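Take a look at the structure set out below.
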Amino acid sequence: VQGFTRYVSDFLEGLGTNAVFVAPQRPPGEAGKLLGRVELNENDVRAIEAQCSALRRVSPWVPRGPVRLRYGREEISVNLEGVAPAYHTIRNFPIDTGRPFAAVDVERAQQVCVVGREILRKFNVDEGIVGAYVLLDGRRFRIIGILSGKGSFFGQSLDDLVLIPYTMALKMYPNFRRQMVVAAQATSAQAVPEAKAQITNLMRRRHGLEAYQPDDFIIQTQGEILSAFNNVGNAAVAVLAGIVGISLLVGGIGIMNVMLVSVTERTR
């Protein structure tokens with residue numbers, strides 16, 4: 001269990017330190033039903049970046065999910081994410097070959113992309129694919145970089161993804177303009193609670209929420225995600241303790257019976 005906890009902790013650190021994620025979410029219950037439109041748009045992202053001093057970097061994040069990627073005659077399914085240049089640092093996604101997005105790529109909504117190592121394996125190509133063109137949901141994109149390998153987590157590859165400028169992602173999928181996600185990085189581990197409080201206060205003011213109304217968004221930090229995994233670990237400890245206890249009980253009864261038979265046979 002300790003090894004499992006270390007594995008999860010190392011994995012989260014590998015996805016960036018002091019990360020904070022903000023997403024729109026309708027709260028459960030009757031109070032959530034009474035709220036108006038639940039959304040998080042680009043203006044909210046800009047406000048978070050400008051007014052939350054406890055944050056060092058902020059990036060819009062448009063997680064599209066599986067899309068079709070075509071290179072030559074081959075077509076595969078990949079995970080698509082629309083991001084800003086700061087996303088590479090926030091999520092610790094360095095570029096191995098080529099270059100990351102530039103600010104001009106985002107401002108002009110350029111049709112460029114960065115791919116993970118799993119894409120190369122699926123297409124059976126090498127780093128020479130940098131500079132080549134692919135079709136992403138029918139649109140022509142130029143590959144400008146390849147991400148460093150991250151491996152897999154519980155059998156799920158972290159390299160099976162394509163990153164494009166978030167402005168281009170919003171052009172392709174305009175429905176996400178009001179359902180954006182924010183990926184941010186606090187200035188330090190100690191500043192994470194302060195960053196969370198600043199984001200909460202700012203978003204409640206911007207969305208016009210009264211004191212009695214619940215939040216129409218959710219904020220997650222790495223510490224909270226790790227705590228959830230620790231709860232799983234504690235549950236595993238309880239289950240294992242129960243299994244071991246039953247095993248010891250059954251084994252003890254068996255040994256007791258064998259000893260009782262042996263003594264009984266010799267009693268006369």
Side-chain angles (χ1 to χ4, degrees), residues 12 15-65 80-93 101 103-109 163-228:
L12 292 176
L15 291 182
T17 56
N18 312 328
V20 180
F21 305 98
V22 189
Q25 184 183 67
R26 183 176 296 278
E30 192 64 28
K33 295 178 182 179
L34 297 176
L35 293 178
R37 177 181 293 174
V38 175
E39 62 180 44
L40 196 157
N41 55 39
E42 200 168 352
N43 292 330
D44 291 324
V45 179
R46 294 195 185 101
I48 291 174
E49 185 175 13
Q51 301 181 37
C52 294
S53 59
L55 297 177
R56 178 176 296 158
R57 297 177 181 87
V58 175
S59 169
W61 182 17
V62 183
R64 178 62 179 86
L80 176 66
E81 298 180 6
V83 298
Y87 186 80
H88 290 281
T89 304
I90 295 172
R91 295 297 303 277
N92 192 21
F93 276 158
F101 299 137
V104 66
D105 295 324
V106 175
E107 291 173 2
R108 299 180 181 179
L163 303 181
I164 65 174
Y166 79 91
T167 47
M168 187 63 215
L170 294 178
K171 277 188 175 182
M172 296 174 65
Y173 314 106
N175 292 338
F176 280 91
R177 290 189 179 276
R178 297 182 181 275
Q179 296 296 319
M180 299 180 68
V181 181
V182 180
Q185 183 184 52
T187 55
S188 65
Q190 293 73 23
V192 170
E194 176 62 22
K196 186 174 180 179
Q198 291 180 0
I199 295 172
T200 300
N201 293 334
L202 175 63
M203 293 291 289
R204 288 187 64 86
R205 290 200 312 270
R206 288 187 57 83
H207 293 183
L209 296 176
E210 299 293 339
Y212 63 88
Q213 292 179 302
D215 296 338
D216 61 351
F217 55 89
I218 183 173
I219 303 176
Q220 286 188 322
T221 65
Q222 281 185 330
E224 293 171 346
I225 298 174
L226 183 58
S227 296

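Keep in mind it's a predicted model, so treat the numbers as computed, not measured. For reference, positions follow the sequence shown, starting with 1.
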Under a 4.5 Å cut-off applied to non-hydrogen side-chain atoms, are His207 and Gln213 in contact? no

Closest approach of [X] and [Y], non-hydrogen atoms and distance?
{"X": "Val106", "Y": "Pro85", "value": "CG2-CD, 3.6 Å"}
{"X": "Val58", "Y": "Ala184", "value": "CG2-CB, 4.1 Å"}
{"X": "Ile90", "Y": "Gln185", "value": "CG1-CB, 4.0 Å"}
{"X": "Leu163", "Y": "His88", "value": "CD1-CE1, 3.9 Å"}
{"X": "Ser53", "Y": "Thr187", "value": "O-CG2, 4.0 Å"}

Would Leu55 and Gln198 count as a side-chain contact (heavy atoms from CB on, under 4.5 Å) if you check the C-alpha gap in whole Å, the side-chain angles of each, and the deciding distance to 0.1 Å? CA-CA 9 Å; Leu55 297 177; Gln198 291 180 0; 5.6 Å; no

Can you label the angle between the Trp61 ring and the Phe21 ring as parallel, tilted or perpendicular, going by 30° and 60°? tilted

As a quick check of understanding, evaluate side-chain contact (heavy atoms from CB on, under 4.5 Å) for Leu209 and Leu35, giving each step before the final call. CA-CA 9 Å; Leu209 296 176; Leu35 293 178; 3.9 Å; yes

Are any side-chain N or O atoms of Gln179 and backbone N or O atoms of Val62, one a donor and one an acceptor, separated by less than 3.5 Å? no

Donor-acceptor pair, side chain of Arg204 and main chain of Glu210, under 3.5 angstrom: yes

Taking side-chain hydrogen bond (donor to acceptor under 3.5 Å, both in side chains) as the cut-off, I'd like each qualifying pair that reaches into residues 166-176, sequence neighbours left out, listed once. Glu42-Tyr166, Asp137-Tyr173

Take Met180 and Leu170 through the side-chain contact (heavy atoms from CB on, under 4.5 Å) test and state the conclusion after the steps. CA-CA 9 Å; Met180 299 180 68; Leu170 294 178; 4.2 Å; yes

